[in-house]
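Since the model is a prediction, treat every value here as computed from it, not as a measurement.
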Amino acid sequence: MNRDIIDDDARGNMLLRSCPRLRFNGVSRRHRDITMSLLDENLQQHFAAIVEGSDDAIVAKDLGSIILSWNPAAERIFGYRADEMLGRSITLLIPEDRQHEEVDFINRLRRGERIQHFETMRRKKNGQLFPISVSISPIRNRQGQVVGASKIARDITAQHRAAEQQRLLLSEMKHRVGNSFAIASGLLNLCARQATTIDDLVVQTRGRFLALAAAHSLTAPAAPVEDAAVFERRPLRGLIEAILKPFAGSLPIDLAVEDVLVGQAAVTPLALVFYELCTNSVKYGALSQDIGGLAISSERRGDRLIIHWDETFAPVQAGSAVQGQGFGTVMCELAVRDQLDGSFRRQFTNSGMHASLDLSHARLSADLQDSGT
């Protein structure tokens with residue numbers, strides 16, 4: 001019997017199994033062939049529509065890693081058009097240190113294996129590396145031989161970013177809990193130096209702890225306000241004063257900042273940075289003693305706002321200050337970089353500490369909707 005007839009019969013049986021209600025009793029072979037041809041074509045169109053409409057990259061390749069098909073999602077995820085990738089090796093997308101993965105994939109495919117949800121890194125057309133999850137299945141010919149592979153790739157950048165954010169939040173929580181007793185001790189020392197009686201000490205301590213709670217609440221992420229008019233923009237000076245309130249004692253503080261209104265999106269990251277600076281200062285720096293000083297100022301440089309934090313304190317204190325890249329510093333750097341399009345720097349000297357925030361003025365005054373968060 002002709003091989004084409006065998007293959008057509010085999011394909012017909014497969015289609016019959018997928019459509020059990022279809023029967024050909026009492027009809028001619030020609031009628032059966034026409035019906036099977038139409039059904040085969042409809043199924044192909046159905047599968048083609050799934051591939052074209054998928055949000056995941058679906059790519060077919062041969063066993064030489066040459067790309068045979070490239071759907072619209074692959075164009076969107078990797079940045080290459082189909083005409084740029086068809087006939088080229090899929091290794092173009094694989095970083096140099098992961099080229100061995102393709103060799104392993106091909107070997108496993110030749111054995112008829114499937115690769116399920118393998119997480120790795122791939123390269124976009126612009127050179128950017130990003131995480132993906134891939135599932136790969138062997139493609140067989142009519143004789144059952146493996147001749148290629150169908151790959152489904154999903155961009156998991158958002159999932160990785162969410163996991164990293166969760167890790168940072170947990171680290172921040174541990175950092176704050178670890179700081180809490182040291183902050184309380186520092187505030188008690190401040191109150192003890194100023195109080196004249198036990199009652200006075202109790203009143204001052206209670207007031208500072210209440211102010212501390214209010215300042216701490218400013219550093220907690222707020223839910224977006226649907227009506228922008230409901231959110232009242234906070235002046236930069238007022239925000240800094242609210243953070244300083246529980247920590248400020250008799251130490252003179254020179255506050256000279258621009259009277260800019262802080263948008264809803266910028267309140268939390270900005271408060272987080274100043275809260276961290278205050279807690280370190282009350283433990284090690286100017287706010288932990290009666291001598292010294294603190295000056296906070298700002299200046300405009302084009303579309304940037306630069307905020308300076310300058311502490312002066314006794315040289316003996318400088319040695320006890322934390323000068324490394326601790327979590328608090330990393331947390332401030334990430335908050336300013338990711339949410340305010342800026343940078344954060346600290347520099348210690350023998351008699352003080354200087355910190356600077358280089359911020360986007362537009363991001364500082366933006367609402368949550370404007371900032372894209």
>> Hydrophobic clustering (ILVMFWY, side-chain heavy atoms < 4.5 Å, transitive) - are Phe348 and Leu357 grouped together?
In response: yes
> If you measure from OG1 on Thr91 to CD on Glu101, what distance do you get to the nearest 0.5 Å?
Replying inline: 12.5 Å
> What are the two closest heavy atoms between Asn71 and Ser54, and how far apart are they?
Replying inline: ND2-CB, 4.2 Å
> Is there a path from Leu244 to Val257 through hydrophobic residues (I, L, V, M, F, W, Y) whose side chains come within less than 4.5 Å of each other?
Replying inline: yes
> Quick check: does any side chain N or O of Arg363 sit under 3.5 Å from a backbone N or O of Gln339, one acting as donor and the other as acceptor?
Replying inline: yes
> Hey, is the main chain of Phe130 close enough, under 3.5 Å, to the side chain of Thr157 for a donor-acceptor pair?
Replying inline: no
>> Which heavy atom of Ala286 sits nearest to which heavy atom of Ser281, and what is that distance?
In response: N-OG, 3.5 Å
> Is the CZ atom of Arg122 crowded by more than 12 outside heavy atoms at less than 6.0 Å?
Replying inline: yes
>> Please find the pair of heavy atoms, one from Pro138 and one from Gly112, that lie closest to each other, and give the distance.
In response: CG-O, 3.9 Å
>> Just checking Arg345: does its CZ atom have more than 12 heavy atoms from other residues, nucleotides or ligands closer to it than 6.0 angstrom?
In response: no
> Shared ILVMFWY cluster between Leu359 and Leu261, side chains joined below 4.5 angstrom?
Replying inline: no
> Does a side chain donor of either Ser65 or Glu102 reach within less than 3.5 Å of an acceptor in the other side chain?
Replying inline: yes
> Which atoms form the tightest heavy-atom contact between Val260 and His361, and what is the distance?
Replying inline: CG2-NE2, 3.6 Å
> Same cluster or not: are Phe78 and Leu86 linked, directly or through other Ile, Leu, Val, Met, Phe, Trp or Tyr residues, by side-chain heavy atoms under 4.5 angstrom apart?
Replying inline: yes
> Step by step, would you call Ser360 with Arg304 a side chain to side chain contact (heavy atoms under 4.5 Å, CB included)?
Replying inline: CA-CA 5 Å; Ser360 162; Arg304 313 294 296 180; 3.5 Å; yes
> Is Ile115 linked to Ile152 within one hydrophobic cluster, defined over Ile, Leu, Val, Met, Phe, Trp and Tyr using a side-chain heavy-atom separation of less than 4.5 Å?
Replying inline: no
>> Check this for me: Arg161, atom CZ, are more than 12 non-hydrogen atoms of other residues, nucleotides or ligands nearer than 6.0 Å?
In response: no
>> Applying side chain to side chain contact (heavy atoms under 4.5 Å, CB included) to Val273 and Trp309, what does each step give before you reach the verdict?
In response: CA-CA 11 Å; Val273 172; Trp309 172 289; over 6 Å; no
> Got a salt bridge between Arg346 and Glu311, using NZ or NE/NH1/NH2 to carboxylate O under 4.0 Å?
Replying inline: no
> Between atom CD of Glu241 and atom CG of Leu236, what is the distance when rounded to the nearest 0.5 Å?
Replying inline: 10.0 Å
> Which one of Leu129, Ile94, Leu93, Leu92 satisfies the side chain to side chain contact (heavy atoms under 4.5 Å, CB included) criterion with Arg123?
Replying inline: Leu129
> In terms of the angle between their ring planes, are Trp70 and Tyr80 parallel, tilted or perpendicular, with boundaries placed at 30° and 60°?
Replying inline: perpendicular
> Within a radius of less than 6.0 Å around CD of Gln347, do more than 12 heavy atoms belonging to other residues, nucleotides or ligands occur?
Replying inline: no
> For the residue pair Ala153 and Val134, what are the closest heavy atoms and their distance?
Replying inline: CB-CG1, 3.9 Å
> Does Arg108 reach the main-chain N or O of Glu113 with its side chain, forming a donor-acceptor pair under 3.5 Å?
Replying inline: no
> Taking atom CG of Asp259 as the centre, does the number of heavy atoms from other residues, nucleotides or ligands within less than 6.0 Å exceed 12?
Replying inline: no
>> Quick check against the 3.5 Å criterion: does Arg237 have a side-chain atom that pairs as donor or acceptor with the backbone of Leu255?
In response: yes
>> For Pro131, is there any backbone N or O sitting under 3.5 Å from a side-chain donor or acceptor partner on Glu119?
In response: no
> Where do Ser150 and Ile58 come nearest, in terms of heavy atoms and distance?
Replying inline: OG-CG2, 4.4 Å
> When you check the side-chain N and O atoms of Asp310 and His354, is any donor under 3.5 Å from an acceptor?
Replying inline: yes
